[in-house]
There are 2 protein chains.
Amino acid sequence: MKLQYNVPDISITVDCVIFGFDTSKLQILLIKRASDPEKGKWALPGGFMEKHETAEESAERVLSQLTGVTDVYMDQLKVFAAVDRHPIERVITVPFYALVKPENYRLNPSSYASDAYWCDIDRLPILAFDHDEIINAALDALKRDVRLKPIGFELLPEKFTMKDLQDFFEAVLEEKLDRRNFRRKIKGAKILVKLNEVRKGAHKDAILYKFDSKTYRTISKNTFYILF
Amino acid sequence: MKLQYNVPDISITVDCVIFGFDTSKLQILLIKRASDPEKGKWALPGGFMEKHETAEESAERVLSQLTGVTDVYMDQLKVFAAVDRHPIERVITVPFYALVKPENYRLNPSSYASDAYWCDIDRLPILAFDHDEIINAALDALKRDVRLKPIGFELLPEKFTMKDLQDFFEAVLEEKLDRRNFRRKIKGAKILVKLNEVRKGAHKDAILYKFDSKTYRTISKNTFYILF
DNA sequence: TTTTTATTGTGTCAAATATACACAATAAAA
DNA sequence: TTTTATTGTGTATATTTGACACAATAAAAA
């Protein structure tokens, strides 16, 4: 029999703030809870951490069950551990935020979720538990990280225009950026490769770019990489 | 009887990386473990999270039991949850780093620690569990935060010289800074009040400063405050 | 008592970076 | 063919950064 010198009485979950980016807007993937407590309320995808899993593995399981996506950018946030955050048990949760490219996902609500949808960040419904606070923490983390790491490319499609990229920064930072200064800065950072393709639209064609994966590796190693 | 729909089998602890700053060096408070597992090894102060406590409250309890200090700057790091990080049980830990002014502490090793001492950051002994990794994560967080928040003042005594402050930045950032440019930058940030006092030393007197608590509040609200 | 030595304190110039800003080219729709 | 909305580009100015040298001081050594 296994020696157990402490009797745990606190459960541990993971919750995932899964960001998407579509039509110039940040979105979050929400599920409708299929069971009590808070049955029928919208909530973040999550689940109990299992004994054989690390926190990251739990979060990856939650994410892949729901979206079929693996191998995405994830980052852990500070735990939420208010004593009364769960109405029945003592539960602390390890929150993650994840960045999913729109071209990759196909939704797959499973047993614990009766429904799932991508919700615009500025139209969030009332959420279960303290999930609104977790989302705010994830937004703060995203706002911080977008300056320090080239994470825009985890969220945009493979080919994108300068405007797409600028829209992404503006959506995350919640501020307008000057178009010419933006382009100069991005070009100076040497993180883009100009493609011989354009996107046709209602007006002048827009040049398509992709991300330069060689510089990505260089930059990712650097602790600081401040764009804005 | 209380409804319990999940049987938890993972224990939760908190661990504290308690930073001090003395004679121009960053220090960490280590304890010697008084009980198994890893009895006799040096380790971070920590303890099981209790059911009635938040993570912060647990960390404050650990800190005040050991040092008698309350009301210090603390910040939570990412959890450590490797499956085999603890030899007996499944334990995940919520790490914190704390900043303690040297004038405040008086060590108080209690039941779980047979000894405690302030260890220079560049002379760490072999540590129990994964505590060396936790310390590295804390150092990274400190390096990041020192640029974004005026935390130097949580670690320095109330009155200090420009050199003290520069030593602190250099110790945390692990790089040399130009003295004249450093002073210009600090003065520009308007976070210091010049006192009518000097510290006498082996050479020219050094002017003493204290931190301007009014600007502290303003700065702390800002998300970004980059000094270096 | 004089000289040496290590430390504090200060300013300027050049380079890099950030900000503010206007107009021509294009392609679809009117 | 005219209108309209969008893409793409450069310059001038202000701000910030980085490099750098010398006088004042106080103790210690000569």
Side-chain angles (χ1 to χ4, degrees), chain A residues 23-25 146-148 150 152 156-157 159-171 173-210 215 219 222-228, chain B residues 23-25 146-148 150 152 156-157 159-171 173-210 215 219 222-228:
Chain A
T23 59
S24 303
K25 285 202 167 182
V146 79
R147 297 166 176 263
L148 309 180
L156 289 169
K159 300 170 183 181
F160 51 85
T161 65
M162 277 287 187
K163 180 166 194 306
D164 294 337
L165 189 58
Q166 185 174 349
D167 283 347
F168 166 76
F169 274 96
E170 290 181 346
L173 296 175
E174 295 182 285
E175 61 182 277
K176 285 278 166 201
L177 302 171
D178 179 90
R179 190 157 48 97
R180 281 164 292 185
N181 294 340
F182 176 84
R183 283 158 187 253
R184 183 182 38 192
K185 198 145 188 178
I186 294 293
K187 279 178 185 158
K190 298 186 182 170
I191 50 182
L192 294 192
V193 178
K194 194 177 194 166
L195 299 173
N196 285 325
E197 290 179 71
V198 294
R199 180 188 297 163
K200 296 206 164 286
H203 304 285
K204 187 175 177 181
D205 290 353
I207 299 167
L208 285 167
Y209 295 83
K210 67 169 186 169
T215 41
I219 289 166
N222 272 327
T223 322
F224 272 81
Y225 167 78
I226 296 182
L227 266 179
F228 296 101
Chain B
T23 58
S24 302
K25 286 204 167 181
V146 79
R147 297 166 176 265
L148 309 180
L156 289 168
K159 300 173 185 182
F160 51 86
T161 65
M162 278 286 187
K163 180 165 194 307
D164 294 338
L165 188 58
Q166 185 173 350
D167 283 347
F168 166 75
F169 274 95
E170 290 182 346
L173 296 175
E174 295 181 285
E175 61 183 275
K176 285 279 165 199
L177 302 171
D178 179 272
R179 189 157 48 99
R180 281 165 291 184
N181 294 341
F182 176 84
R183 283 159 188 251
R184 181 181 48 189
K185 199 144 191 179
I186 293 294
K187 278 177 184 158
K190 297 187 182 169
I191 50 182
L192 294 192
V193 178
K194 194 176 193 168
L195 299 174
N196 285 325
E197 291 178 71
V198 294
R199 178 188 298 161
K200 296 206 165 284
H203 304 283
K204 188 175 178 181
D205 290 353
I207 297 167
L208 285 166
Y209 294 83
K210 67 170 186 170
T215 40
I219 289 166
N222 273 326
T223 321
F224 272 82
Y225 166 78
I226 296 183
L227 267 178
F228 296 101

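In what follows, chains carry the letters A, B, and so on, assigned in the order in which the sequence lines appear, proteins first and then strands, with residues in each chain numbered from 1.
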Pairwise distance NZ(Lys176(B)) to CD(Gln166(B)) - rounded to 0.5 angstrom: 7.5 Å

Are any side-chain N or O atoms of Thr161(A) and backbone N or O atoms of Ala206(A), one a donor and one an acceptor, separated by less than 3.5 Å? no

Earlier contact from the 5' end, DNA chain C, for Ala202(A) and Ala202(B): Ala202(B)

Just the rounded figure in Å: distance from P of dG9(C) to CG of Leu192(B). 12 Å

Taking everything shown except Lys185(A) itself, do over 12 heavy atoms lie less than 6.0 Å from its NZ? yes

Rounded to whole Å, please give me the gap between NE2 in His203(B) and P in dA29(D). 11 Å

Candidates dA27(C), dT7(D), dT25(D) - which lies nearest the side chain of Lys204(B): dT25(D)

Name the closest nucleotide to the Arg184(B) side chain, picking from dA26(D), dA19(D), dT9(D). dA19(D)

Hey, does the side chain of Arg179(B) come within less than 4.0 Å of dG9(C)'s phosphate (OP1/OP2), counting only N and O? no

Starting at CD1 of Ile207(A) and ending at P of dG8(D), how long is that distance when rounded to a whole Å? 5 Å

Within residues 159-170 of chain B, residues whose heavy atoms come under 4.0 Å of DNA chain D: none

Parallel, tilted or perpendicular, judged at 30° and 60°: which one describes the rings of Phe169(A) and Phe182(A)? perpendicular

Between CZ of Phe228(A) and C1' of dT17(C) the distance, given in whole Å, is 13 Å

When we call it a touch if two heavy atoms are under 4.0 Å apart, what does Gly188(B) touch: a base, just sugar-phosphate, or nothing? nothing

Give a yes or no answer on whether the side chain of Arg147(B) reaches the backbone of Phe228(B) with a donor-acceptor pair at less than 3.5 Å. yes

Nearest-Å distance, CG (Leu177(A)) to P (dC21(C))? 16 Å

Just how far, in rounded Å, is C1' of dT10(C) from CZ of Phe182(B)? 16 Å

Rounded to whole Å, how long is the line connecting atom CZ of Arg183(B) with atom P of dT7(C)? 13 Å

Using a heavy-atom cut-off of under 4.0 Å over every strand shown, decide if Asp178(A) touches base, sugar-phosphate, or nothing. base

Does dA20(C) have OP1 or OP2 sitting under 4.0 Å from an N or O in the side chain of Arg180(A)? no

Quick one: which of dC20(D), dA18(C), dT7(C) gets closest to the side chain of Asn181(B)? dC20(D)

Side-chain N or O of Lys200(A) less than 4.0 angstrom from OP1 or OP2 on dA28(C)? no

Arg199(A) CZ to dA27(C) P, in whole Å, measures 16 Å

Output for pair (Leu227(B) CG, Leu173(B) CG), nearest 0.5 Å, gives 9.5 Å

Look through every strand shown and name the nucleotide pairing with dA27(C) as Watson-Crick or G-U wobble, where both distances are under 3.5 Å. dT4(D)

